[in-house]
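Presented below is the structure to which this report refers.
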Amino acid sequence: MDFLNTSFLGYAVWLWLVFGGVVVTLLALDLGVLHREGSEISVSESLWLSAGYIAVAVAFGGWLWWQVGAQQGMDYFTAYAVEKSLSLDNVFVISLVFTAFAVPRVLQHRVLFWGILGVIVLRALLIGAGATLVQEFHWVLYLFAAFLIYTGIKMLWAADHAPDPMRNPVLRLIRRVVPVTERLHGKAFWVKQPDASGRMRRIVTPLFMALVTVELADLVFAVDSVPAVFAVTSDPFVVYTSNIFAILGLRALYFALAAILHRFAYLKYALALVLVFIGGKIIAAELVGKIPSAISLSVTFGLLGAGVLFSLWKTRGEAAQAR
C-alpha cells in the first residue's frame, strides 16, 4: 500500500491510477458497449455523449479541487477550457480529412477512436518533455509565449484559408513505401491482395491514410495547445489530465458539430485571440504579477462566446436557406 502513496511527478501514484481508471473505463464503455456494432452516430447521440464527457471532466475537476486544493482545481478548469476551445479547430480539420478520403460517417468513429489512443500517448510524451523543460529552464515559458502570440497572429491572417490535408509530405512518403488501395474496404485499415506476380501482400486502405492524417493533425495542434496549457500552469498532472479529458470528448463533439460547422465560420478568429491572450499573459506576469486563473477563464470564455455569437449572427442567412 505504501506504493500507492509514492510521489510521481509531484502527485501520489493513487491519484494517477484513479485518473487512468476513469480514462480506461470511458474508452471501454465507448467502444466495447455503446459502439460495439460500429453503427453510425446520430447528432442527438453525439450531443448526449459530448455532455457526458464534459460532465465527467467537470466532476474530475471538482474531485481534484477537493483532494488537492482550490488553486489546482481552478488551474484544471482553466486548462480544460483552453484545451477544449482549441480542440474546436481540430474539428474543422478532421472534417476536411474525412471529406478528402471520402470516409463515410459510419466509419468515422473507428478512425477517431484509434486516433484518440494515439493522442493519449503522444500528449504524454509532449507534456512530459514540456514539464521537464519548464522545470529546468523557466525561461522556456517565454519562448512558449512568443510562439503562442505568433501562432495566434498567423491564425488571424490565415483564418479564411482551409488547409489541404492531401498535401502532407508524410502521406506522400507512405504512398511511395507502401501501396494504397483506391477504395475503402469496410472498416479495415489494411488488406491482403495479390501483386503483379500473384504474390499476396499487405496493402494500406484510405481509412488508414485518414487515421494517419488525423494523428498528424493532432501533432500540429498539440504544438499549439500544450504550450498554451503550460501558460496556465506548469503542474504536469493538471496539464495532462485537462488535456486528455478535453481530447476524449473530441469524437462526440465532432459528430455533434460536423453538420453545422459552417455556422461557426468566424470562431477561428476567437481561437486566435485566445492564443494571443494566453501568450501575452505570460509576458504580463513578469510586469504586473501572475494573472489569476479566474480572470484567464473569464477572458477565454468571453472570447469564445463572442466568436460563437458573431458566427451564428453572420451565418443566419445560410441557416434560413438550409431550411
Side-chain angles (χ1 to χ4, degrees), residues 4-26 53-87 116 119-138 140-145 147-148 218 221-250 274-275 277-279 281-282 285 289-301 304:
L4 296 178
N5 292 315
T6 304
S7 178
F8 177 69
L9 296 178
Y11 286 81
V13 168
W14 71 269
L15 284 169
W16 288 98
L17 291 176
V18 168
F19 165 68
V22 173
V23 172
V24 170
T25 300
L26 288 174
Y53 276 113
I54 292 173
V56 172
V58 170
F60 184 86
W63 177 77
L64 184 65
W65 190 312
W66 172 59
Q67 283 287 336
V68 182
Q71 183 60 51
Q72 288 84 349
M74 181 59 73
D75 286 343
Y76 167 87
F77 284 115
T78 305
Y80 176 76
V82 169
E83 180 61 35
K84 195 72 173 177
S85 63
L86 293 178
S87 69
I116 292 300
V119 167
I120 291 175
V121 176
L122 176 64
R123 293 294 174 101
L125 296 174
L126 289 176
I127 290 170
T132 301
L133 286 173
V134 170
Q135 186 175 13
E136 295 294 328
F137 311 102
H138 181 72
V140 169
L141 280 176
Y142 300 107
L143 293 181
F144 285 171
F147 177 74
L148 291 173
D218 181 76
F221 283 108
V223 173
D224 295 335
S225 63
V226 171
V229 177
F230 271 112
V232 175
T233 176
S234 58
D235 187 320
F237 185 79
V238 173
V239 172
Y240 188 60
T241 54
S242 60
N243 250 260
I244 298 306
F245 275 120
I247 291 298
L248 280 175
L250 183 61
V274 168
L275 288 178
F277 165 73
I278 294 171
K281 186 169 75 76
I282 298 176
K290 183 178 179 180
I291 298 176
S293 297
I295 295 179
S296 300
L297 188 61
S298 300
V299 172
T300 299
F301 276 130
L304 292 174

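Since the structure is predicted, the reported quantities are computational estimates derived from the model, not experimental observations.
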(message) Before you tell me yes or no, could you show the steps for L148 and F230 under side chain to side chain contact (heavy atoms under 4.5 Å, CB included), namely the whole-Å CA-CA distance, both residues' side-chain angles and the distance that decides it to 0.1 Å?
(response) CA-CA 11 Å; L148 291 173; F230 271 112; over 6 Å; no
In Å, rounded to the nearest 0.5 Å, how long is the span from [atom1] of [X] to [atom2] of [Y]?
{"X": "L126", "Y": "N243", "atom1": "CG", "atom2": "CG", "value": "9.0 Å"}
{"X": "I247", "Y": "K84", "atom1": "CD1", "atom2": "NZ", "value": "8.0 Å"}
{"X": "I127", "Y": "S242", "atom1": "CD1", "atom2": "OG", "value": "7.0 Å"}
{"X": "K281", "Y": "T300", "atom1": "NZ", "atom2": "OG1", "value": "8.5 Å"}
{"X": "I295", "Y": "T78", "atom1": "CD1", "atom2": "OG1", "value": "10.5 Å"}

(request) Please test Y11 against D235 for side chain to side chain donor-acceptor pair (under 3.5 Å), starting from the C-alpha separation and ending with a verdict. (result) CA-CA 10 Å; Y11 286 81; D235 187 320; 2.3 Å; yes
Where do [X] and [Y] come nearest, in terms of heavy atoms and distance?
{"X": "G128", "Y": "T132", "result": "O-OG1, 2.9 Å"}
{"X": "Y240", "Y": "R123", "result": "CE1-C, 4.0 Å"}
{"X": "V238", "Y": "T241", "result": "O-OG1, 3.3 Å"}
{"X": "A228", "Y": "I278", "result": "O-CG2, 3.5 Å"}
{"X": "Q67", "Y": "W14", "result": "OE1-CH2, 3.5 Å"}
{"X": "G279", "Y": "A145", "result": "O-CB, 3.3 Å"}

(request) Please test V140 against F137 for side chain to side chain contact (heavy atoms under 4.5 Å, CB included), starting from the C-alpha separation and ending with a verdict. (result) CA-CA 6 Å; V140 169; F137 311 102; 3.7 Å; yes
(request) Determine whether F77 and V82 make a side-chain contact, defined as any pair of heavy atoms from C-beta on separated by less than 4.5 Å. (result) no
(message) My understanding is that only residues two or more places apart in sequence, or in another chain, count here; which of them pass side chain to side chain donor-acceptor pair (under 3.5 Å) with Q71?
(response) D75
(message) Would you call the rings of W16 and F237 parallel, tilted or perpendicular, taking 30° and 60° as the class edges?
(response) perpendicular
(message) Does the plane of the ring in F245 sit parallel, tilted or perpendicular to the ring in Y76? Use 30° and 60° as the thresholds.
(response) perpendicular
(message) Would L15 and W63 count as a side chain to side chain contact (heavy atoms under 4.5 Å, CB included) here? Give the steps.
(response) CA-CA 11 Å; L15 284 169; W63 177 77; 3.2 Å; yes
(message) Working note: F144 + V134, criterion side chain to side chain contact (heavy atoms under 4.5 Å, CB included); need CA distance, chi angles, decisive distance, verdict.
(response) CA-CA 10 Å; F144 285 171; V134 170; 4.0 Å; yes
